[in-house]
Amino acid sequence: MSEANTPQAGQALVDDERIKQISPLRKALIRPELGGMCGTVIVFFLFFIFAGDSGMFNAQGVMNWSTVSAQFALIAVGACLLMIAGEFDLSIGSMIGFAGMMIAIFGVTLGWPMWAAILVTFVLCTAIGGISGYIVVRTGLPSFIVTLAFLFILRGFTIFLPQMLERKTIIGGIRDAAEGDWLAPMFGGKILTGLFQWMGDAGIIATFERGNKMGQPVVEGIPMLIVWALFMIFLGHFILTRTQFGNWIFAAGGDAESARNSGVPVNKVKILMFMFTAFSAAVFAACQVMEFGSAGADRGLLKEFEAIIAVVIGGALLTGGYGSVIGAALGALIFGVVQQGLFFAGVESSLFRVFLGVILLFAVILNTYIRRIITGER
Amino acid sequence: MSEANTPQAGQALVDDERIKQISPLRKALIRPELGGMCGTVIVFFLFFIFAGDSGMFNAQGVMNWSTVSAQFALIAVGACLLMIAGEFDLSIGSMIGFAGMMIAIFGVTLGWPMWAAILVTFVLCTAIGGISGYIVVRTGLPSFIVTLAFLFILRGFTIFLPQMLERKTIIGGIRDAAEGDWLAPMFGGKILTGLFQWMGDAGIIATFERGNKMGQPVVEGIPMLIVWALFMIFLGHFILTRTQFGNWIFAAGGDAESARNSGVPVNKVKILMFMFTAFSAAVFAACQVMEFGSAGADRGLLKEFEAIIAVVIGGALLTGGYGSVIGAALGALIFGVVQQGLFFAGVESSLFRVFLGVILLFAVILNTYIRRIITGER
Amino acid sequence: EGEKYILVSHAPDSDSWWNTIKNGIALAGDQMGVEVEYRNPPTGDLADMARIIEQAAASGPNGIITTLADFDVLSGPIRSAVDQGINVIIMNSGTPEQVREVGALMFVGQPEYDAGLAAGLRAKGDGVESFVCVNHVISNTVVGERCRGFADGLGVDLGGQMIDSGQDPAEIKNRVMAYLNANPDTDAVLTLGPTSADPTILALEEMGLAGDIYFGTFDLGDEIVKGIKSGTIQWGIDQQPFLQAYLPVVVLTNYDRFGVLPGNNINSGPGFVTKDALGKVEEFAGKYR
Amino acid sequence: MNPEKAPIIQMRNIEKHFGSVIALAGVSVDVFPGECHCLLGDNGAGKSTFIKTMSGVHKPTKGEIMFEGTSMHFADPRDAISAGIATVHQHLAMIPLMSVSRNFFMGNEPIKNLGPLKLFDHDYANRVTMEEMKKMGINLRGPDQAVGTLSGGERQTVAIARAVHFGAKVLILDEPTSALGVRQTANVLATVDRVRKQGIAVVFITHNVRHAMAVGDRFTVLNRGKTLGTAQRGQITPEELQDLMAGGQELVALEGSLGGTV
Amino acid sequence: MNPEKAPIIQMRNIEKHFGSVIALAGVSVDVFPGECHCLLGDNGAGKSTFIKTMSGVHKPTKGEIMFEGTSMHFADPRDAISAGIATVHQHLAMIPLMSVSRNFFMGNEPIKNLGPLKLFDHDYANRVTMEEMKKMGINLRGPDQAVGTLSGGERQTVAIARAVHFGAKVLILDEPTSALGVRQTANVLATVDRVRKQGIAVVFITHNVRHAMAVGDRFTVLNRGKTLGTAQRGQITPEELQDLMAGGQELVALEGSLGGTV
Ligand SMILES: Nc1ncnc2c1ncn2[C@@H]1O[C@H](COP(=O)(O)OP(=O)(O)OP(=O)(O)O)[C@@H](O)[C@H]1O
Ligand SMILES: Nc1ncnc2c1ncn2[C@@H]1O[C@H](COP(=O)(O)OP(=O)(O)OP(=O)(O)O)[C@@H](O)[C@H]1O
Ligand SMILES: [Mg+2]
Ligand SMILES: [Mg+2]
């Protein structure tokens with residue numbers, strides 16, 4: 001309360017002789033996602049120069065890093081909303097592995113119809129997310145610890161269950177089991193195949209030159225993964241900025257006690273966000289198993305860090321109450337482009353981590369600077 | 001300021017009719033490490049029952065889980081002091097890998113005398129710890145993000161350097177290079193071998209009954225790793241509870257701003273704690289490479305989580321300002337005993353993660369309860 | 001001249017075995033005057049590997065060399081690379097049928113399960129009835145196949161005989177000791193690579209079982225070679241990774257340049273390395289062996 | 001004050017225990033529309049706890065809350081807010097990272113229905129925020145300015161403006177003036193006076209007898225979780241009130257120069 | 001006050017900028033031993049910033065600090081503390097999770113040398129803490145009781161006791177009474193009075209004119225980062241002071257019933 005600004009009630013801030021003016025241009029630019037935007041521009045610029053002729057920007061290359069970015073974006077959206085609501089989730093990666101394994105166990109080992117396997121898995125995962133959320137809000141423990149526990153518990157089951165049931169840690173045959181199912185193509189299919197075929201025929205994009213797909217375009221269509229990612233980004237952004245619930249998310253993360261006193265159902269908001277994060281992990285897993293046809297015990301390792309990194313690069317505040325879904329999506333894009341771009345540019349792959357660490361550091365420093373300007377924090 | 005208790009100045013709290021009395025026994029028991037103590041008792045009790053006859057409590061078995069616990073304790077002490085000082089370090093695991101690799105590169109690839117390799121590595125690692133600490137205190141970024149960046153950067157170098165220099169990711173031959181060195185046995189040796197030989201001869205502990213070591217005692221001596229762990233626990237506990245600096249550690253973690261205003265050199269304290277954590281990781285790495293004779297790029301994976309888990313089981317507060325080194329050591333003991341005990345008890349080993357998660361959850365809930373009683377937190 | 005090839009592995013960054021592969025392609029690249037890149041998913045996630053193959057195809061190389069660690073996951077991307085007109089050679093893991101199915105030119109290597117099976121049969125012949133398999137990458141779906149193959153070769157049920165040892169050497173060592181203490185009638189130890197073999201050697205030495213218990217391992221490394229030499233380890237299965245890397249580059253280059261192609265798959269292994277044949281192995285272990 | 005009117009809130013024998021701490025040991029207070037009811041008392045007397053049970057933050061351990069004559073059970077602050085009870089808590093319920101207009105409507109977001117969707121009506125929120133702030137004498141740079149950039153006094157003013165805007169029937173202020181300067185304090189007291197004259201019931205907590213005497217119609221003094229009684233304005237002198245607030249005992253004897261100044 | 005004595009602290013033309021905010025635009029103040037110097041002013045006038053430069057928390061952007069006649073540059077609060085300046089900050093510098101005695105000696109730990117080792121002398125710390133708290137009229141359960149279990153008033157008292165204990169020459173109090181009840185306030189004011197009479201210089205910040213008049217010897221009013229001047233006790237009436245504190249302008253006209261009460 002004492003961090004009072006000079007101006008007294010009754011005087012506009014802008015009239016204050018003790019505060020220097022901020023130019024309108026600078027004001028217009030200063031948004032949570034500014035760091036992400038700058039980063040995106042820089043990253044694309046660099047790779048245009050260093051990997052422009054490596055196929056990174058032909059149809060196939062674009063589809064490649066788009067898919068990877070979409071993967072990151074899918075989980076980043078969940079992690080972003082959760083982080084804005086003041087919590088975070090270290091069990092995202094384990095949840096991805098677990099969800100995929102559950103679909104495989106229900107759909108292949110137990111032989112349920114695929115749609116039932118998928119739906120039950122979604123319900124199960126969302127419920128587990130709800131449980132960790134419930135533990136966090138009831139005990140007041142830091143979510144770091146609670147979700148760390150779930151990281152181990154879920155990964156443990158993901159390794160244990162298939163070993164017990166099938167005596168191996170990978171379960172295949174999901175594509176066959178999903179044959180003719182109505183729900184499976186929602187995750188594993190591709191859309192706009194007609195358009196791409198036409199583009200191939202018209203010579204806009206390259207076509208295969210030999211083999212049994214000769215004449216078909218190199219990019220068949222847009223994978224559902226990308227569609228889901230776009231949908232989730234849109235949904236998350238819409239909820240966050242346009243709805244009452246979005247205001248509650250900000251409030252819950254900004255100061256839970258104050259929000260509660262003002263009538264925001266903070267616990268409900270936090271638990272729902274944990275569930276949403278688990279849901280996005282399940283979507284990720286469903287897309288993955290449907291595309292690749294198998295579930296493995298090692299799927300999703302370290303994805304929680306990747307999600308958190310994308311969100312933080314995108315300008316969200318680790319301690320909650322501040323951030324943007326668009327920013328997180330840009331963070332995911334940067335992450336995806338850098339990761340695949342380094343391959344295209346032929347950089348020694350073990351150096352990827354070094355780059356990642358350095359980018360992360362610079363991004364947060366930039367974002368902190370931007371945030372301080374916006375919020376007047378000191 | 002408004003969370004005021006009833007009693008006014010001039011009246012003893014205990015005279016207050018509005019507060020029920022707490023029994024003296026309960027008061028004596030209520031300490032930060034109480035949760036850890038209870039946990040230790042429970043864990044030993046359970047394993048006595050379920051694995052008492054599996055060799056877990058004979059000389060060899062005891063040495064077995066002691067060594068594993070000592071490993072955890074070594075890094076838990078560093079992580080504990082750092083956590084009490086209000087920060088934490090996700091790069092511990094990468095630092096272990098990095099330190100081991102540096103010793104190998106200096107000592108084997110570059111052929112320096114082993115003592116020089118070890119000393120330079122210690123200086124290097126401590127300096128890197130200091131750098132991450134410096135970044136944290138200067139930028140005010142959360143240590144989660146900064147050390148996450150270092151997690152990637154250090155691991156990247158640990159993989160890249162040996163590949164570049166030696167074209168492999170495991171560098172062996174360290175034991176040969178350390179032959180006759182004066183410093184190396186400080187990390188890789190064993191002490192009290194005479195005593196154990198005598199105990200073996202006297203029939204106090206078992207001797208080998210077959211194989212090429214027939215007649216020798218099953219436990220040769222106490223590995224330096226355990227000695228180091230005990231030393232670090234003692235040192236950490238002493239610093240924390242008995243010295244001026246210990247008070248500063250608590251103060252820096254409890255409320256950095258207040259501590260600073262009271263004249264505590266908070267930044268110095270935090271940076272020193274980052275350096276100490278890096279130092280304990282380097283000790284860990286030195287013991288490891290000296291014992292196993294090789295340094296690998298994958299060493300130390302996930303060790304940061306294990307350290308944090310041990311510390312948290314031991315009753316420290318993730319947000320700083322509260323905890324005990326003894327507690328962290330007990331946490332490490334619990335962790336080690338459970339991990340090895342499950343093997344002795346013959347539990348399906350992939351379920352270990354599930355147990356770990358569940359124990360972690362229960363431990364923190366218990367600890368939170370104890371802490372609230374102690375500190376009057378609400 | 002100057003053809004570009006990409007080798008995509010399924011191994012995480014830190015896996016030491018793949019170094020030999022890197023050295024193999026480097027040498028082959030030098031000798032043939034071509035450019036070969038090595039790529040792998042940093043965490044060993046096979047789904048990421050599929051993306052890398054797609055990426056490799058997009059960058060338009062002359063050929064791709066890759067493993068077939070999981071047919072379900074990788075067949076799609078590999079097939080579309082083939083369809084795009086890129087020559088593909090499968091190395092290391094996969095079966096001849098699968099290789100044919102994805103349209104690859106040939107296979108160089110030895111499938112994990114079969115290698116395990118061969119080892120199991122050999123051990124059975126040596127009178128082994130029970131074993132413990134020290135799996136340091138339990139979540140990796142490829143390597144565990146070796147344990148299954150070994151159990152099947154012995155004709156026993158794998159059951160609880162595969163332990164999840166973690167990757168920390170002290171933990172591996174102590175877990176092996178704990179297992180052997182709790183199950184003193186174990187006949188044999190099988191380790192899946194240097195990461196688990198090195199600490200296991202120490203564990204056996206410490207327990208006085210070195211040379212006493214039947215000990216086989218996959219893949220070679222400095223310590224393993226020493227172990228074989230000292231008699232602690234009965235045999236190491238050498239898949240000769242160098243060949244798995246070197247040959248495909250040579251074959252692809254020659255195919256591209258002159259259109260010549262061997263008529264069949266090449267088995268780089270199984271090579272059982274025993275005490276008798278250690279000379280060269282010792283010299284190059286971890287680098288070219 | 002207005003004996004012809006029925007009390008809008010009646011708190012009967014409210015008790016509240018926190019674990020082993022008994023914060024309220026049976027407190028009864030009536031609040032009438034159009035009156036400013038001052039709650040006074042020592043640190044830790046239970047004032048904040050008491051108004052928190054009134055505003056739905058805490059559920060009373062025992063006792064009954066009658067709102068407009070019927071017994072009420074507020075499950076959470078939302079219930080109390082929608083019943084017409086607005087509160088400015090001692091520790092401001094403002095979120096520094098959020099914009100003024102989002103803060104202003106936090107928990108009370110204006111809804112624009114788009115089919116089944118409930119949208120946050122930003123235009124309305126921004127307009128109302130600017131208007132209300134102008135009424136309180138504060139010109140914002142814009143409605144999307146973050147609360148963190150406001151001075152302490154300005155934040156307090158936003159919180160009060162918000163409460164006044166939503167407090168259809170009862171407005172509760174917990175020590176709103178303790179950290180404020182002279183002019184800001186005058187402003188807040190004037191606001192209380194204005195609101196009261198509109199027929200709204202005001203519950204006003206303060207440690208300052210003079211502020212209480214300035215706007216209060218009735219004064220209830222709490223001490224260690226119990227009421228020492230309620231007095232009408234004019235029935236009690238500031239000095240008597242002072243003594244009551246110090247716990248019902250005579251003030252500790254101070255140096256001559258200090259007497260009567262606190 | 002004591003014109004025969006030399007000022008213990010002279011602050012000359014202190015300026016302090018935070019980024020684009022000019023918090024202090026040249027403030028000069030002298031503090032004499034044995035006087036209670038009151039700093040008054042609006043929210044955001046710069047009072048806290050000013051005393052923070054005095055206690056070494058902030059380094060002044062411009063200006064000079066003379067301590068006992070020589071120019072001083074405090075690099076951090078430790079320097080100021082060891083020079084004999086003790087401060088009770090507006091936001092209490094107490095750490096709830098730590099015990100009272102650890103808090104009491106935080107940054108000033110008593111040292112027992114064990115060879116080259118500097119040990120924290122717990123016995124001494126505990127004894128002194130218990131004694132000092134008893135002097136202030138607080139009986140602790142024990143010196144290892146956590147500060148978090150104390151009431152707000154008690155915490156404030158610990159902070160003041162600590163400052164008095166270490167404040168050999170200058171004691172700075174930043175709004176120590178704003179959240180306190182009547183009796184606690186009286187206690188604090190009495191302490192200030194006692195300390196002053198021991199010849200220690202006291203700098204006392206408050207928004208409450210009456211508290212200031214009760215103990216102050218001289219009054220400096222800050223406004224928007226500048227001094228409006230310093231007055232001796234007796235040279236100024238409370239009403240004049242009030243007007244000055246409100247920014248040097250006449251108070252906003254209030255309803256008749258409120259006039260002169262704030
Ligand atoms: N959430 C809580 N848990 C436990 N005890 C609490 C809690 N909230 C308040 N108390 C205790 O209840 C008592 C009354 O506190 P309360 O905040 O109501 O006092 P107050 O009259 O508002 O004091 P102040 O004038 O300092 O604001 C105190 O003893 C306080 O410590
Ligand atoms: N660390 C900081 N960074 C930026 N601006 C600051 C900082 N500290 C204070 N200020 C600004 O400096 C000005 C003076 O603040 P200060 O806290 O000194 O006021 P004050 O007179 O103590 O007010 P109050 O009576 O509310 O305590 C305010 O405009 C404030 O926002
Ligand atoms: Mg209160
Ligand atoms: Mg101030």
Side-chain angles (χ1 to χ4, degrees), chain A residues 88 90-91 94 132 135 138-164 169 297 301-302 305-306 308-309 312-313 317-319 348-365 367-369 372 377-378, chain B residues 88 90-91 94 132 135 138-164 169 297 301-302 305-306 308-309 312-313 317-319 348-365 367-369 372 377-378:
Chain A
F88 66 44
L90 288 179
S91 66
S94 298
S132 42
I135 295 178
R138 272 311 302 273
T139 60
L141 291 174
S143 44
F144 182 91
I145 297 292
V146 174
T147 56
L148 182 60
F150 275 89
L151 179 155
F152 285 105
I153 295 176
L154 290 177
R155 182 64 67 191
F157 279 119
T158 310
I159 297 172
F160 173 71
L161 290 177
Q163 254 180 26
M164 192 186 65
T169 53
L301 274 179
L302 292 186
F305 281 149
E306 295 176 355
I308 291 173
I309 291 174
V312 170
I313 292 181
L317 188 58
L318 197 71
T319 45
E348 167 67 39
S349 69
S350 54
L351 282 181
F352 163 64
R353 286 155 204 259
V354 178
F355 277 99
L356 182 60
V358 173
I359 290 174
L360 176 61
L361 266 188
F362 277 102
V364 280
I365 292 175
N367 284 331
T368 308
Y369 176 75
R372 294 214 170 130
E377 216 185 302
R378 278 134 202 163
Chain B
F88 66 43
L90 288 179
S91 66
S94 297
S132 42
I135 296 178
R138 272 311 302 272
T139 60
L141 291 173
S143 45
F144 182 92
I145 296 294
V146 173
T147 57
L148 182 60
F150 274 89
L151 181 156
F152 286 106
I153 294 175
L154 289 177
R155 183 65 68 193
F157 279 118
T158 310
I159 298 169
F160 175 71
L161 290 178
Q163 256 177 27
M164 194 185 64
T169 53
L301 275 180
L302 291 186
F305 282 147
E306 296 177 354
I308 291 172
I309 290 173
V312 169
I313 292 180
L317 189 59
L318 196 71
T319 45
E348 167 66 40
S349 59
S350 54
L351 279 180
F352 163 65
R353 293 182 173 80
V354 177
F355 278 95
L356 181 63
V358 173
I359 290 174
L360 176 61
L361 267 188
F362 278 102
V364 280
I365 291 175
N367 284 331
T368 309
Y369 177 74
R372 294 214 169 132
E377 216 185 301
R378 280 134 200 163

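All chains are named by letter (A, B, ...) in the order of the sequence lines, taking the proteins before the strands, and each is independently numbered beginning at 1.
The part of B/Val312 that comes within reach of chain A is its side chain, from C-beta onward, which places non-hydrogen atoms under 4.5 angstrom from that chain. For chain A, the nearby part of B/Ile135 is the side chain; its heavy atoms alone come within less than 4.5 Å. If you measure heavy-atom distances from B/Thr139 to chain A, the contacts under 4.5 Å come from both the backbone and the side chain. When heavy atoms are compared at a cutoff of 4.5 Å, B/Ile145 approaches chain A by way of both its backbone and its side chain. Only the side chain of B/Ile309 comes within less than 4.5 Å of a heavy atom of chain A; its backbone N, CA, C and O stay farther away.
The CZ atom of A/Arg353 sits 7.5 Å away from atom CZ of B/Arg155, with the distance rounded to the nearest 0.5 Å. To the nearest 0.5 Å, atoms CG (B/Leu318) and CG (A/Leu141) are separated by 10.0 Å. To the nearest 0.5 Å, the span separating CZ on A/Arg138 from CD1 on B/Ile365 amounts to 10.5 Å.
More than 12 heavy atoms of other residues, nucleotides or ligands lie within 6.0 Å of CZ in B/Phe305, so this atom counts as buried by the packing criterion.
With respect to A/Leu360, the side chain to side chain contact (heavy atoms under 4.5 Å, CB included) criterion is satisfied by exactly one of B/Leu148, B/Ile153, B/Val146, B/Leu151: B/Leu148.
Counting heavy-atom pairs under 4.5 Å between each of A/Leu356, A/Val364, A/Val354 and chain B puts A/Val354 at the top.
A pairwise comparison of heavy atoms in B/Gly357 and A/Ala149 identifies O-CB, 3.4 Å as the closest pair.
Under the ring-ring contact (aromatic ring centres under 6.0 Å, His included) criterion, A/Phe144 pairs with B/Phe88, sequence neighbours left out.
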